J.: 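My structure is below; once you've seen it, I'll send some questions.
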Amino acid sequence: MLDAAFLARDAVAAAPDLIGCTLLLDGCGGRLVEVEAYTRDDPASHSWPGPTARNAAMFGPPGHVYVYRSYGIHWLLNLVCADASAVLVRALVPEWGRETIAARRPGVPERDWCRGPGRLGTALGIGPQHDGALLDGGAFQLHQRDGAPVVAATRRIGISKAVERPWRFVEAGSRWVSSPIGGPSAA
DNA sequence: CTACCGATCGCCT
DNA sequence: GGCGATCGGTAGC
């Protein structure tokens, strides 16, 4: 288990170090291959407007999770870092709890189970009840990686503000990321 | 393979 | 009242 100190720094610093680490919720999850960083000083971040009811977890201590609903449909998972920054979890390798995940996504190819933040939320069973939960080895577990994967930085996906900040981090060459480069037709 | 569009709703202006 | 840190289906090349 990684301790809270691992996330007690800016999300931009913590995000690349999270690639290769293993994230589990109730035994479902696997190795992280794609994340994005969002900071307090970041027009694309949910903490940008200041504290509200929705983003309260982002303004709490590091080492908790921030969960919110996207497009009225999907539940997205973030790991809260220091100073109201957070890391959006976008993709992982489904290594643990595979039978549970398969039951949640009938007919969906294995490669798509956790490829994209919305699908990952469904696969792990993320919901509003998890907002503010502690990454303490209970329901949520975050384990240190073995070795150092090759990490590439690209532009973030699906946002309209601060698009130039290269704060999306992927494991180079992984087939489990939502897009190998920088999103649909990005350089 | 890429491109477009509808679904669906909580939050902020 | 407008707008997403998205996905899945369909259409077209």
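All values reported here derive from a predicted model rather than from experimental measurement. Naming: A, B, ... by sequence-line order, numbering from 1 per chain.
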J.: Counting primed atoms plus P, OP1 and OP2 as sugar-phosphate and everything else as base, spell out the protein contacts along nucleotides 6-13 of chain B at 4.0 Å heavy-atom distance: B, S or - for each nucleotide, 5' to 3'.
T.: -BBB-SS-
J.: Please list, one pair per line, the donor and acceptor atoms closer than 3.5 Å that link side chains of residues 120-137 of chain A to other protein atoms, with sequence neighbours excluded.
T.:
{"residue": "A/T122", "atom": "OG1", "partner": "A/G118", "partner atom": "O", "Å": "3.4"}
{"residue": "A/H130", "atom": "ND1", "partner": "A/G127", "partner atom": "N", "Å": "3.1"}
{"residue": "A/D131", "atom": "OD1", "partner": "A/V67", "partner atom": "N", "Å": "3.0"}
{"residue": "A/D136", "atom": "OD1", "partner": "A/G138", "partner atom": "N", "Å": "2.9"}

J.: A/W48: which other cluster members, linking ILVMFWY side chains closer than 4.5 Å, directly or transitively?
T.: none
J.: Looking at residues 77-105 of chain A, who's got a heavy atom less than 4.0 Å off DNA chain C?
T.: A/N78, A/L88, A/R90, A/R105
J.: Show every donor-acceptor pair shorter than 3.5 Å between a side-chain atom in residues 4-13 of chain A and any protein atom, with sequence neighbours excluded, or say none if there are none.
T.:
{"residue": "A/R9", "atom": "NE", "partner": "A/F6", "partner atom": "O", "Å": "2.8"}
{"residue": "A/R9", "atom": "NH1", "partner": "A/D17", "partner atom": "OD2", "Å": "2.9"}
{"residue": "A/R9", "atom": "NH2", "partner": "A/F6", "partner atom": "O", "Å": "3.4"}
{"residue": "A/R9", "atom": "NH2", "partner": "A/D17", "partner atom": "OD2", "Å": "3.2"}
{"residue": "A/D10", "atom": "OD2", "partner": "A/V12", "partner atom": "N", "Å": "2.8"}

J.: With a strict under 4.0 Å distance from non-hydrogen atoms of chain A, what nucleotide opens and what nucleotide closes the contacted stretch of DNA chain C, reading 5' to 3'?
T.: C/dG4 to C/dG8
J.: A/P43 versus A/R165: any side-chain heavy-atom pair under 4.5 Å?
T.: yes
J.: Could you tell me which residues satisfy side-chain hydrogen bond (donor to acceptor under 3.5 Å, both in side chains) with A/D112, sequence neighbours excluded, listed by chain and number?
T.: A/R115
J.: Can you pull the salt bridge (Lys or Arg N to Asp or Glu O under 4.0 Å) pairs that have at least one residue in residues 32-49 of chain A, sequence neighbours excluded?
T.: A/E34-A/R90, A/E34-A/R168, A/E36-A/R90, A/D42-A/R156
J.: For residues 68-78 of chain A, dump all side-chain donor-acceptor pairs below 3.5 Å to protein atoms at least two apart in sequence or in another chain.
T.:
{"residue": "A/R69", "atom": "NE", "partner": "A/G72", "partner atom": "O", "Å": "3.2"}
{"residue": "A/R69", "atom": "NH2", "partner": "A/G72", "partner atom": "O", "Å": "2.9"}
{"residue": "A/N78", "atom": "ND2", "partner": "A/Y66", "partner atom": "O", "Å": "3.2"}

J.: What stem regions, each of at least 3 consecutive Watson-Crick or G-U pairs below 3.5 Å, can be found for DNA chain C?
T.: B:1-7 with C:6-12, B:9-12 with C:1-4
J.: Does A/W167 reach the main-chain N or O of A/Y38 with its side chain, forming a donor-acceptor pair under 3.5 Å?
T.: no
J.: I'd like to check the side-chain hydrogen bond (donor to acceptor under 3.5 Å, both in side chains) partners of A/S47; sequence neighbours left out, ordered by chain and number.
T.: A/S45
J.: Go through the structure and list residues passing side-chain hydrogen bond (donor to acceptor under 3.5 Å, both in side chains) with A/E110, not counting sequence neighbours.
T.: A/R98
